Protein chains: 2
Amino acid sequence: MRRTPPQTLPSPQLLDELSAFFRLLSEPARLQLLCQLKHSGAMDVASLIEATGFSQSHISRQLGQLQRAGLVSCERDGTRLIYAVADPLVDDLCNLVQRRLKQRLEDQLRQLQGV
Amino acid sequence: MRRTPPQTLPSPQLLDELSAFFRLLSEPARLQLLCQLKHSGAMDVASLIEATGFSQSHISRQLGQLQRAGLVSCERDGTRLIYAVADPLVDDLCNLVQRRLKQRLEDQLRQLQGV
DNA sequence: AACTTGTATGAACATATCCGCATTATGGGC
DNA sequence: GCCCATAATGCGGATATGTTCATACAAGTT
């Protein structure tokens, strides 16, 4: 049994900010871009277009959101922009959630197989 | 300098599941319900209505989503249902993100004040 | 200056989702 | 059985967001 420590309720502002952050990760397209960047280290937009199949404007908008939130950064190379992941937190969160999803499926499997 | 370890790209299914999970936390209403439950340990729906001001139908729907995802559980007490947080992960994620939001603001403040 | 390449943005549409109202379903007490 | 209390669901309106097309903007080259 785990005791639940007393905890103050988050303010409405904090709730909004937390949910806004999670909302950034709630779209498969954005998550895919983040994972691609994490995978390759740094990519220009042309590579992202090729890797994901999304349109240029779409990628630009999603990267814009991620950049405003500080999750990606970019630097210029001539006319091109090269993006990179700017915060390791996203990867940590994904790993935590992935582990949880896996564990939940294992539990459900165990349920089906009897105890 | 931190080295980025090599990493395989997540499959489309995993991206969908990850983003679906984050989407559950992307709504202030759902996050508020989760925080209320975490705060009080366990609550019936009437208490949640009073605490949040949402309609009964809205709360029922949101709790339904959270329950299907395994984030909350409920037990009956007569005709009432008493809900509770079923997974500590949400709280962990919120704390991680909150810490990150705070740190980012501190960094921006430091920027404004010169180096 | 004009031209090219690469990126951001305005406009419009489609889709999803929140949220409440009214209704139905479920469980308990008589 | 009927009634009451509570929770779930069908429906509809309002709002937000994803997505694309076309266009404007920015940086570099000649």
Side-chain angles (χ1 to χ4, degrees), chain A residues 12-13 15-37 40 42-84 86, chain B residues 12 15-37 40 42-86:
Chain A
Q13 295 92 329
L15 281 175
D16 283 344
E17 295 194 55
L18 286 172
S19 56
F21 185 91
F22 289 123
R23 196 172 305 124
L24 287 172
L25 310 182
S26 74
E27 204 62 25
R30 277 191 294 268
L31 218 49
Q32 185 177 357
L33 290 173
L34 286 168
C35 291
Q36 279 285 350
L37 290 175
S40 302
M43 299 175 76
D44 64 348
V45 178
S47 305
L48 286 171
I49 292 177
E50 175 166 8
T52 65
F54 294 126
S55 70
Q56 180 266 323
S57 66
H58 189 215
I59 291 182
S60 173
R61 283 182 204 281
Q62 307 310 325
L63 288 177
Q65 290 191 52
L66 297 174
Q67 187 178 18
R68 278 187 293 275
L71 297 184
V72 303
S73 60
C74 71
E75 68 177 278
R76 299 206 75 101
D77 171 34
T79 68
R80 294 183 310 165
L81 288 181
I82 297 176
Y83 282 88
Chain B
L15 281 175
D16 283 344
E17 293 194 57
L18 286 172
S19 57
F21 185 91
F22 288 123
R23 195 172 305 123
L24 287 172
L25 310 181
S26 74
E27 205 61 25
R30 277 190 295 267
L31 219 47
Q32 185 178 0
L33 290 173
L34 286 168
C35 291
Q36 279 284 351
L37 290 176
S40 302
M43 299 174 76
D44 65 347
V45 178
S47 306
L48 286 172
I49 291 177
E50 175 166 9
T52 65
F54 291 122
S55 69
Q56 179 266 324
S57 66
H58 191 217
I59 290 182
S60 174
R61 283 181 208 280
Q62 307 310 324
L63 288 177
Q65 289 191 53
L66 296 174
Q67 188 178 17
R68 277 187 293 276
L71 297 184
V72 304
S73 60
C74 71
E75 69 177 276
R76 297 206 77 102
D77 172 35
T79 68
R80 294 183 310 165
L81 288 181
I82 296 175
Y83 282 87
V85 174

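On a predicted model such as this, the values are computed, not experimentally measured, just so you know. To find a chain, count down the sequence lines: A is the first, B the second, and so on, and within it residues start at 1.
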By nearest atom, which of the nucleotides C:dC18, C:dG10, D:dA7 is closest to the A:Arg61 side chain?
C:dG10
If you pin A:Val45 and B:Phe54 to their nearest nucleotides in DNA chain C, which one's is more 5'?
A:Val45
Whole-Å distance separating the CD atom of A:Glu75 from the P atom of D:dA27
15 Å
Quick one: A:Leu33 CG to C:dT7 P, roughly how many Å, whole number?
13 Å
Any sub-3.5 Å donor-acceptor pair from A:Arg23's side-chain atoms to B:Ser26's backbone N or O?
yes
Would you kindly give the CD-to-C1' distance between B:Gln65 and D:dT9, to the nearest whole Å?
14 Å
Using every non-hydrogen atom in the two residues, find where A:Leu63 and A:Val72 come nearest and quote the distance to one decimal.
O-CG2, 3.9 Å
Taking the side chain of B:His58 as its heavy atoms from C-beta onward, which of D:dA27, D:dG18, C:dC19 lies nearest to it?
C:dC19
What does B:Gln56 touch in the nucleic acid at a heavy-atom separation under 4.0 angstrom: a base, only the sugar-phosphate, or nothing?
base
Look at A:Arg76 and C:dG6 and indicate whether a side-chain polar atom (N or O) is within less than 4.0 Å of OP1 or OP2.
no
Within less than 4.0 Å of OP1 or OP2 of C:dG28, is there a side-chain N or O belonging to B:Arg80?
no
The side chain of B:Leu81 is closest to which nucleotide in this list: D:dA7, D:dG28, C:dA8?
D:dA7
In whole angstroms, the gap separating P of D:dA7 from CZ of B:Arg68 amounts to 16 Å
On the nucleotide D:dT17, are OP1 or OP2 found under 4.0 Å from the side-chain N or O atoms that A:Gln62 carries?
no
For C:dG27, does either OP1 or OP2 sit under 4.0 Å from a side-chain N or O belonging to B:Thr79?
no
Look at the side chain of B:Ser57 and decide which nucleotide, out of C:dC21, D:dA7, D:dA22, has an atom nearest to it.
C:dC21
Ignoring hydrogens and geometry beyond distance, is the side chain of B:Arg23 in donor-acceptor contact with the base of C:dT17 at under 3.5 Å?
no
Starting at atom CE of A:Met43, determine the distance to atom C1' of C:dT7, rounded to an integer number of angstrom.
16 Å
Using side-chain heavy atoms (C-beta onward) and a distance below 4.5 Å, is B:Phe54 in contact with B:Gln62?
no
Between C:dA8 atom C1' and A:Leu48 atom CG, what is the distance in whole Å?
15 Å
Atom CG of B:Asp77 and atom P of C:dG29 are separated, to the nearest Å, by 10 Å
A:Ile82 atom CD1 is separated from D:dA27 atom C1', nearest whole Å, by 14 Å
